[in-house]
Asks: 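Input: one structure, supplied below.
Per chain, numbering begins at 1; letters A, B, ... match sequence-line order.
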Protein chains: 2
Amino acid sequence: MKIAIKTANNVKEINSENCQQPCLIERGMRVLGGKWKASILWHLKDGPVRFNELSRMLGGASKKMVDQRLKELEAQGLVTREVICDRPIAVAYEITDFGRTALDILEKLKDWTEDNGL
Amino acid sequence: MKIAIKTANNVKEINSENCQQPCLIERGMRVLGGKWKASILWHLKDGPVRFNELSRMLGGASKKMVDQRLKELEAQGLVTREVICDRPIAVAYEITDFGRTALDILEKLKDWTEDNGL
DNA sequence: TAGAGTGGTTACTAAAAGTATACTGGTTGC
DNA sequence: GCAACCAGTATACTTTTAGTAACCACTCTA
């Protein structure tokens with residue numbers, strides 16, 4: 001739907017569209033957009049990574065943050081948690097097939113950031 | 001770099017990579033990832049939109065939020081603000097060419113969200 | 001036996017994000 | 001005159017998120 005706006009000496013048409021509420025972009029961002037979430041997913045793309053290692057990769061994210069984000073990502077089915085050894089405890093986080101479907105987006109995001117020197 | 005992890009009865013190799021700090025994914029997310037920012041950009045893709053109209057499109061975002069996000073997006077060169085009429089005041093926000101380069105990512109995000117019923 | 005590493009949890013604080021309401025100062029329409 | 005619209009601004013408030021630091025139980029290495 002177009003709406004006309006009368007200005008001093010011309011008429012300008014402005015586009016108006018309704019958005020599904022809450023809109024798809026926003027809903028997607030709620031899954032991938034949290035701080036560290038996309039990064040975590042990205043760092044799991046080459047294979048399973050252990051908890052403390054992941055913390056280091058993220059360079060500065062606290063254990064609490066990494067823990068919280070991993071739990072969210074696990075609950076949403078994007079990563080899985082696997083205990084690979086009981087004593088000493090060793091846990092590996094792995095991206096799921098569903099999680100991999102999001103890597104396309106992250107790849108584009110990475111390229112975009114890189115190309116624009118952000 | 002691969003690191004070997006000894007488990008009860010096998011050895012598992014785990015991938016370890018260093019991340020540029022702060023990594024590209026995270027940096028990109030700081031530009032597009034704030035609440036409403038991606039949505040705003042998306043809603044500008046079909047042409048300029050006025051302030052209050054944008055608020056309504058976002059369905060629930062307060063004026064303060066919309067205002068803040070628009071200012072951020074403007075400062076980052078993703079949108080422009082144009083006064084199209086002084087009396088009565090009418091302002092239109094428009095996506096820039098640079099802003100358009102991010103729409104690819106958002107398109108993918110939208111499709112992903114849709115395909116996965118999120 | 002001390003120190004470092006594993007994968008967390010808990011408690012606390014600081015900062016950011018978001019909501020709600022009212023206000024300005026102008027215009028348009030009834 | 002009154003209400004509703006425009007594009008914001010201001011203020012106050014609550015909620016959420018982020019981050020620090022200490023702690024747990026366990027193991028491995030020097």
Asks: Assess the residue pair A/K37 and A/Q76 against the criterion (side chain to side chain contact (heavy atoms under 4.5 Å, CB included)); give the C-alpha distance rounded to whole Å, side-chain angles, the decisive distance to 0.1 Å, and a yes or no.
Replies: CA-CA 12 Å; A/K37 270 176 111 177; A/Q76 292 165 324; 3.1 Å; yes
Asks: Return no unless some side-chain N or O of B/R56 is found under 4.0 Å from OP1 or OP2 of D/dC6.
Replies: yes
Asks: What nucleotide, of D/dT27, C/dT6, C/dG18, holds the atom closest to the side chain of A/I89?
Replies: C/dT6
Asks: Taking only the side-chain heavy atoms of A/R50 (C-beta and beyond), determine which of C/dG7, D/dC6, D/dG8 contains the nearest atom.
Replies: C/dG7
Asks: How long is the span from the CG atom in A/L44 to the CE atom in A/M57, to the nearest 0.5 Å?
Replies: 8.0 Å
Asks: How long is the line joining CG of A/D67 and C1' of C/dT6, in whole Å?
Replies: 14 Å
Asks: Tell me: CD of B/Q68 to C1' of C/dA16, nearest whole Å?
Replies: 10 Å
Asks: Whole Å only: how far is the CD1 atom of B/I84 from the C1' atom of D/dC6?
Replies: 11 Å
Asks: Just how far, in rounded Å, is P of C/dG8 from CG of A/L70?
Replies: 8 Å
Asks: Round to the nearest Å and state the distance from A/E53 atom CD to C/dA4 atom P.
Replies: 20 Å
Asks: Rounded to whole Å, please give me the gap between CE in A/M65 and P in C/dA15.
Replies: 15 Å
Asks: Select one nucleotide: of C/dG7, C/dA17, D/dG8, the one nearest the side-chain heavy atoms of A/K63.
Replies: C/dG7
Asks: Examine the base of C/dG18 for any acceptor or donor lying under 3.5 Å from a partner atom in the side chain of B/K35, and report the outcome as yes or no.
Replies: no
Asks: Check the distance between C/dA17's P and A/R30's CZ and give it to me in whole angstrom.
Replies: 15 Å
Asks: Check the pair B/Y93, B/I40 against side chain to side chain contact (heavy atoms under 4.5 Å, CB included), reporting the backbone distance first and the verdict last.
Replies: CA-CA 10 Å; B/Y93 289 90; B/I40 288 176; over 6 Å; no
Asks: Can you tell which of C/dG18, C/dG8, D/dT9 lies closest to the side chain of A/V91?
Replies: C/dG8
Asks: Of all the choices, C/dG18, C/dG8, C/dT9, which nucleotide is nearest to the side chain of A/K71 once you look at every atom?
Replies: C/dT9
Asks: Taking for each residue the nucleotide of DNA chain D bearing the nearest heavy atom, is the 5' side occupied by B/F51 or by B/K64?
Replies: B/F51
Asks: Looking at B/R69 and B/K35, would you say the former's side chain and the latter's main chain have a donor-acceptor pair under 3.5 Å?
Replies: yes
Asks: May I have the distance from B/E72 (atom CD) to C/dA16 (atom P), rounded to whole angstrom?
Replies: 12 Å
Asks: Okay, side chain of A/E94, backbone of A/E82: is any donor-acceptor separation there less than 3.5 Å?
Replies: no
Asks: Tell me which nucleotide among C/dT6, D/dA7, C/dG8 gets nearest to the side chain of B/R81.
Replies: D/dA7
Asks: Go through C/dT19, C/dG8, D/dC6 for me and flag the one nearest to the B/N52 side chain.
Replies: D/dC6
